[in-house]
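In what follows, every heavy atom counts, from backbone to side chain, and hydrogens, waters and symmetry copies are set aside.
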Amino acid sequence: MGVGTELPQLITEIVEWDVTAQVIVVGFGIAGACAAISAAEAGRGCTCGGTIRRIE
């Protein structure tokens, strides 16, 4: 699967991590976006995650 195409998993189903980052931003609203930009400008590797909402 490509970046951003993975389905959410329970933490108990994850057997190994395949991503490393110096900064992890949880939530990608305005504050999360600012934190990610600041980390990138400081030369840090950054991984961002947000909430996936399902509309039925």
Item to complete: Just jot down the side-chain contact (heavy atoms from CB on, under 4.5 Å) partners of E13, sequence neighbours excluded, or say none.
Response: Q9, L10
Fill in: Members sharing I24's hydrophobic cluster (side chains within less than 4.5 Å)
V26
Worksheet item: Remaining members of V23's ILVMFWY cluster at a side-chain heavy-atom cut-off under 4.5 Å?
Response: V25
Discussion item. Tell me the closest heavy-atom pair linking F28 and A36, and the distance in Å.
Written reply: CE1-CB, 4.0 Å
Item to complete: Write down the atom of T47, the atom of T20, and the distance for their closest heavy-atom approach.
Response: OG1-O, 4.4 Å
Worksheet entry | Residue I30 excluded, over 12 heavy atoms near CD1 under 6.0 Å | no
Practice prompt. Over all heavy atoms of both residues, which pair between Q22 and R44 is shortest? Give the atoms and the distance, please.
Written response: OE1-CA, 3.1 Å
